[in-house]
Trainee: 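Quick one: the structure is below, questions incoming.
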Amino acid sequence: MLFVAFQFPPQAGPGVHRSIQFVRRLPALGYDPIVITQSFFDIEHSPYPKDERLLEQLSEDLVIHRFNSNEP
């Protein structure tokens with residue numbers, strides 16, 4: 001299943017936790033998620049902090065594709 005998320009770890013924004021929980025539950029339902037999100041942002045110019053610990057909540061098998069963009 002293709003999952004598109006503007007905010008995704010290691011970015012720690014308000015929408016990140018919902019995305020984490022959704023993606024974590026998909027394999028139990030028989031889906032292999034593939035995440036498309038923005039590439040890592042410039043921490044100095046972002047309104048959201050970086051939190052590497054959020055990545056620990058995700059499976060190491062999760063495929064994440066990042067693209068360069070500052071816009072959703």
Side-chain angles (χ1 to χ4, degrees):
M1 172 182 283
L2 186 61
F3 186 84
V4 180
F6 179 63
Q7 297 176 335
F8 203 76
Q11 183 179 13
V16 171
H17 296 283
R18 180 174 288 184
S19 295
I20 289 172
Q21 296 305 318
F22 192 84
V23 169
R24 286 179 61 189
R25 287 174 169 79
L26 286 173
L29 298 171
Y31 297 99
D32 292 323
I34 297 173
V35 177
I36 296 180
T37 188
Q38 67 180 358
S39 60
F40 189 70
F41 56 96
D42 183 358
I43 195 75
E44 294 177 11
H45 298 100
S46 175
Y48 305 112
K50 176 182 172 185
D51 188 351
E52 294 286 343
R53 294 174 297 168
L54 293 172
L55 291 171
E56 296 171 3
Q57 298 180 35
L58 300 170
S59 168
E60 291 182 13
D61 297 340
L62 180 63
V63 176
I64 302 173
H65 294 283
R66 299 184 185 274
F67 60 91
N68 292 325
S69 175
N70 292 329
E71 299 296 327

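These values consider heavy atoms only, across backbone and side chains, with no hydrogens, waters or symmetry-generated copies. Throughout, numbering of the chain's residues begins at 1 and tracks the sequence.
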Trainee: Could you grab the distance from atom CD of Gln57 to atom CD1 of Ile20, nearest 0.5 Å is fine?
Mentor: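 So the gap between those two atoms works out to 4.5 Å.
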
Trainee: Taking the side chain as every heavy atom from C-beta outward, state whether Pro9 and Asp51 have any atom pair closer than 4.5 Å.
Mentor: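 A side-chain contact under 4.5 Å is absent here.
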
Trainee: What residues form a side-chain contact (heavy atoms from CB on, under 4.5 Å) with Ser19, not counting sequence neighbours?
Mentor: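 Applying side-chain contact (heavy atoms from CB on, under 4.5 Å) to Ser19 gives Phe3, Ala5, Phe8.
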
Trainee: Got Thr37 and Val4 here, is their nearest side-chain heavy-atom distance under 4.5 Å?
Mentor: no

Trainee: Could you tell me if the side chain of Pro10 sits less than 4.5 Å from the side chain of Leu55, heavy atoms only?
Mentor: yes

Trainee: Looking only at heavy atoms, which two atoms of Gln7 and Gly15 are closest? And how far apart?
Mentor: OE1-N, 2.9 Å

Trainee: How many angstroms lie between CZ in Arg24 and CG in Leu26, if you round to the nearest 0.5 Å?
Mentor: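 CG of Leu26 is found 12.0 Å from CZ of Arg24.
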
Trainee: Test of understanding: with side chain to side chain donor-acceptor pair (under 3.5 Å), list the residues that count as partners of Arg25, not counting sequence neighbours.
Mentor: Gln21

Trainee: If we count only N and O atoms by modelled type, under 3.5 Å, do the side chains of Gln11 and Gln38 hold a donor and an acceptor together?
Mentor: yes

Trainee: Evaluate the side-chain proximity of Val63 to Val35: yes if any heavy-atom separation is below 4.5 Å, no if none is.
Mentor: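 Sidechains of Val63 and Val35: no contact.
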
Trainee: Please output the side-chain donor-acceptor pairs of residues 27-34 that fall under 3.5 Å, not counting sequence neighbours, one pair per line with the distance.
Mentor:
none

